[in-house]
A.B. asks: 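One structure is given below, represented as structure tokens, and several questions about it will come after.
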Protein chains: 2
Amino acid sequence: MDNGKSDDVFLSILDSAEKRFCRYGLKKTTMAEIAGDIGLSKASLYYYFPNKEELFKEVVSQGHKTLLKEFEGLLSSGVPAEDLLHGYLEKRLIYFREFVHLSALSLESINSLKPVYARLFENFRKKEIRLVGEILAKGIAAQDFQNLDVAYFSDLFIAIFQGLRHNVIVKKDTVNITETEYSLLRKQYESAFNMFMKGIKK
Amino acid sequence: MDNGKSDDVFLSILDSAEKRFCRYGLKKTTMAEIAGDIGLSKASLYYYFPNKEELFKEVVSQGHKTLLKEFEGLLSSGVPAEDLLHGYLEKRLIYFREFVHLSALSLESINSLKPVYARLFENFRKKEIRLVGEILAKGIAAQDFQNLDVAYFSDLFIAIFQGLRHNVIVKKDTVNITETEYSLLRKQYESAFNMFMKGIKK
DNA sequence: ATTTGACTTTTTTAGTTATAAAGTCAAAAA
DNA sequence: TTTTTGACTTTATAACTAAAAAAGTCAAAT
């Protein structure tokens, strides 16, 4: 349905790929394994995807897209900006836990990350910032927030929470996150969010 | 003067070592180079330090100690807690720029960092947290701050700013920080600090 | 007490080979 | 005609090895 060729095979490949990439990361997942999961031969994957890199990018983009879409819809609704921001953080946190291995600094070390992936994540970050920016603008328009520099504060917003997520990963040698760490992170999110709100509210 | 043996040779070794470690990191600095800087033979270094690891640890500890000492003194003074916190951040930021290469995730990748160094940084972090905790306690005692959970909020405080610093490094492939990045970080520090203060003030 | 040259040991690096995974394609199956 | 595959080639990774560099030692000199 996408481009000449067709099928839910395409989707089941994505599905299996996502599961494996999420659990084992890019390098530790082989095309043969992904194919095996759905009873196909490795060669068949190349009928649907030109190469591993594209498959990986597709998985990541898909995740990003899903997350962003969930919010773009809400933007036009009557929900107050504060709740939007809060809801966004909530989803972002859940996404983080599920996709740690996909996020930039998992097992593969920082500087060895291919520019093409770096761009992918940078791109997502930009979209996130733009989205948060729109929410901030909405809050300003509704007289809920002060008349602040939207570009700067949306960037800061993303930076703070990304920073908190970093802290969790960097301290560990494995990339698996325990329930304790996760709930501390959630608490920190909550506090930081409240402070941020106090900082920008009228 | 330290332990039987003596001299400012000890100090000039530390001095040269600090300069090289800060600029090139642990791995890219050789004992021969350090010795060469001060016109000594490599063998002489081993008269003062048992090995490279101890020398490195001494350099890092020294930096940490200096930073911490500057504040422990202030703690007993009459300066308001808010100013203390602010002053601390200021120093911390300057230290960061100067010592990036020493900080945990410079060139050597995260997981390849020896546990002994990890412990060193973890130790410093704990001291930082304790120090911030004391300042918070002071602010609470002076009725400036709300009656908050000191342990939790000092941890959060450190986490937020460490997170912001991370963001700067992670985005880059080199570890050199440009003036632009540095001043953005400083601005973020300022904003985050103001929000934090609004969040905890009475 | 301090320094060093000449030494040994350990760690890195560069180069090689073997193995595994990526990627291709003509033929088979649906 | 679309989809799948086995058998293949190419490319990347891992496992060894040899050479070079750096760490670390020590008896003798200052």
Side-chain angles (χ1 to χ4, degrees), chain A residues 1-17 19-21 23-60 101 106-109 111-117, chain B residues 1-17 19-21 23-60 101 106-109 111-117:
Chain A
M1 43 186 69
D2 228 5
N3 45 20
K5 62 205 64 162
S6 47
D7 250 351
D8 42 17
V9 177
F10 184 87
L11 290 173
S12 56
I13 292 172
L14 270 183
D15 197 55
S16 158
K19 286 202 180 92
R20 291 214 172 250
F21 286 143
R23 179 159 303 161
Y24 306 110
L26 173 61
K27 284 207 281 195
K28 292 284 186 187
T29 298
T30 75
M31 294 297 267
E33 287 166 343
I34 296 171
D37 287 345
I38 51 179
L40 271 185
S41 82
K42 182 188 61 166
S44 297
L45 298 191
Y46 289 89
Y47 179 68
Y48 296 94
F49 295 92
N51 51 48
K52 191 183 181 183
E53 186 168 305
E54 281 306 315
L55 175 53
F56 181 75
K57 279 165 65 178
E58 189 60 33
V59 168
V60 175
H101 280 91
S106 54
L107 285 175
E108 15 262 329
S109 84
N111 22 20
S112 73
L113 200 71
K114 271 199 187 177
V116 57
Y117 301 127
Chain B
M1 43 185 69
D2 229 2
N3 45 20
K5 64 204 63 163
S6 46
D7 250 354
D8 43 16
V9 177
F10 184 87
L11 290 174
S12 54
I13 292 173
L14 270 183
D15 196 56
S16 158
K19 285 201 182 96
R20 292 215 171 251
F21 286 144
R23 179 159 304 164
Y24 306 109
L26 173 63
K27 281 206 284 194
K28 293 284 186 185
T29 299
T30 75
M31 295 297 267
E33 287 166 342
I34 296 172
D37 287 346
I38 50 179
L40 269 185
S41 83
K42 184 187 61 166
S44 296
L45 297 191
Y46 290 89
Y47 178 68
Y48 295 94
F49 295 92
N51 53 45
K52 191 184 181 183
E53 186 168 306
E54 282 305 316
L55 174 53
F56 181 75
K57 280 166 63 179
E58 188 61 32
V59 167
V60 175
H101 280 91
S106 55
L107 286 174
E108 15 263 329
S109 84
N111 21 23
S112 73
L113 201 71
K114 271 198 187 177
V116 58
Y117 301 128

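Order of the sequence lines fixes the chain letters, A, B, ..., with proteins taken first and strands second; residue numbering starts at 1 for each chain. Remember, predicted model here, so these are calculated numbers, not experimental data.
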A.B. asks: Are any of Ser41(A)'s side-chain N or O atoms less than 4.0 Å away from OP1 or OP2 of dT5(D)?
C.D. replies: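 For dT5(D), OP1 or OP2 has a side-chain N or O of Ser41(A) closer than 4.0 Å.
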A.B. asks: Might you list the N or O atoms of the protein lying below 3.5 Å from N or O atoms in nucleotides 24-26 of chain D, with each pair's distance?
C.D. replies:
{"residue": "dG24(D)", "atom": "OP2", "partner": "Tyr46(B)", "partner atom": "OH", "Å": "3.2"}
{"residue": "dG24(D)", "atom": "OP2", "partner": "Lys52(B)", "partner atom": "N", "Å": "2.8"}
{"residue": "dG24(D)", "atom": "N7", "partner": "Lys42(B)", "partner atom": "NZ", "Å": "3.1"}
{"residue": "dG24(D)", "atom": "O6", "partner": "Lys42(B)", "partner atom": "NZ", "Å": "2.8"}

A.B. asks: Just the rounded figure in Å: distance from C1' of dA21(C) to CZ of Arg20(A).
C.D. replies: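 In whole Å, dA21(C) C1' and Arg20(A) CZ are 14 Å from each other.
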A.B. asks: Can you tell me the distance, in whole Å, between the CD1 atom of Ile38(A) and the C1' atom of dT5(D)?
C.D. replies: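 After rounding, the reported distance stands at 14 Å.
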A.B. asks: When rounded to the nearest 0.5 angstrom, what is the spacing between OG1 in Thr29(B) and NZ in Lys27(B)?
C.D. replies: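 Rounded to the nearest 0.5 Å, the OG1-NZ separation comes out at 12.0 Å.
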A.B. asks: Keeping to residues at least two apart or across chains, list the salt bridge (charged side-chain N to carboxylate O under 4.0 Å, His left out) pairs with something in residues 41-52 of chain A.
C.D. replies: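 Output for this query is empty, none listed.
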A.B. asks: Could you state the CG-C1' distance from Leu40(B) to dA1(C), rounded to the nearest angstrom?
C.D. replies: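 From Leu40(B) CG to dA1(C) C1': 14 Å.
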A.B. asks: For Pro50(A) and Tyr46(A), work out which heavy atoms get closest and say how close.
C.D. replies: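 So the two residues come closest at O-CD2, 3.6 Å.
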A.B. asks: Report the residues that fulfil ring pair (Phe, Tyr, Trp, His ring centres under 6.0 Å) with Phe21(A), sequence neighbours left out, ordered by chain and then residue number.
C.D. replies: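 Testing Phe21(A) for ring pair (Phe, Tyr, Trp, His ring centres under 6.0 Å), a comparison that skips the adjacent residues, returns Phe56(A).
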A.B. asks: Hey, what bend do you get for the helix from dA1(C)-dT30(D) to dA30(C)-dT1(D) if you fit axes on five pairs at each end, rounded to 10°?
C.D. replies: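 Rounded value for the end-axis angle: 40°.
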A.B. asks: So which heavy atom on Asn51(A) is nearest to which on Met31(A), and how close?
C.D. replies: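 That closest heavy-atom pairing would be C-CE, 4.4 Å.
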A.B. asks: Over how many whole Å does the gap from Phe49(B) atom CZ to dA23(D) atom C1' extend?
C.D. replies: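 Atom CZ in Phe49(B) sits about 16 Å away from atom C1' in dA23(D).
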A.B. asks: Sort me out a list of protein N/O and nucleotides 26-30 of chain C N/O pairs below 3.5 Å, or just none if empty.
C.D. replies:
none

A.B. asks: Looking at residues at least two apart in the chain, or sitting in another chain, which of them share a side chain to side chain contact (heavy atoms under 4.5 Å, CB included) with Lys19(B)?
C.D. replies: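 Lys19(B): side chain to side chain contact (heavy atoms under 4.5 Å, CB included) contacts with Asp15(B).
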A.B. asks: At less than 4.0 Å, is any side-chain N or O atom of Tyr47(B) found next to OP1 or OP2 of dT3(C)? Yes or no.
C.D. replies: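 Looking at the OP1 and OP2 atoms of dT3(C), neither is under 4.0 Å from any side-chain N or O of Tyr47(B).
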A.B. asks: Distance check needed: dT4(D) P versus Phe10(A) CZ, whole Å only.
C.D. replies: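 Nearest whole value for this atom pair: 13 Å.
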A.B. asks: Supply the atom-to-atom distance Tyr48(B) OH to Glu58(B) CD, rounded to the nearest 0.5 angstrom.
C.D. replies: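 Rounded to the nearest 0.5 Å, the OH-CD separation comes out at 14.5 Å.
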A.B. asks: For Asp37(B), enumerate each residue passing the side-chain hydrogen bond (donor to acceptor under 3.5 Å, both in side chains) test, keeping only those at least two apart in sequence or located in another chain.
C.D. replies: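 Counting only residues at least two positions away or on another chain, Asp37(B) forms a side-chain hydrogen bond (donor to acceptor under 3.5 Å, both in side chains) with Ser16(B), Arg20(B).
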A.B. asks: Between P on dA1(C) and CG on Leu45(B), what's the gap in Å once rounded to a whole number?
C.D. replies: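 After rounding, the reported distance stands at 20 Å.
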A.B. asks: With a 4.5 Å limit on heavy-atom distance, are the side chains of Phe49(A) and Leu14(A) in contact?
C.D. replies: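 Result yes, sub-4.5 Å side-chain heavy-atom pair found.
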A.B. asks: For dT5(D), does OP1 or OP2 lie under 4.0 Å from any side-chain N or O of Ser44(A)?
C.D. replies: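 Checking Ser44(A) against dT5(D): at least one side-chain N or O falls below 4.0 Å of OP1 or OP2.
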A.B. asks: Can you tell me how far P of dA12(D) sits from NZ of Lys28(A), to the nearest Å?
C.D. replies: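 These atoms are roughly 18 Å apart.
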A.B. asks: Hey, are the side chains of Tyr47(A) and Ile13(A) touching, using non-hydrogen atoms and a 4.5 Å cut-off?
C.D. replies: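 Side chain of Tyr47(A) against side chain of Ile13(A), heavy atoms only: no contact under 4.5 Å found.
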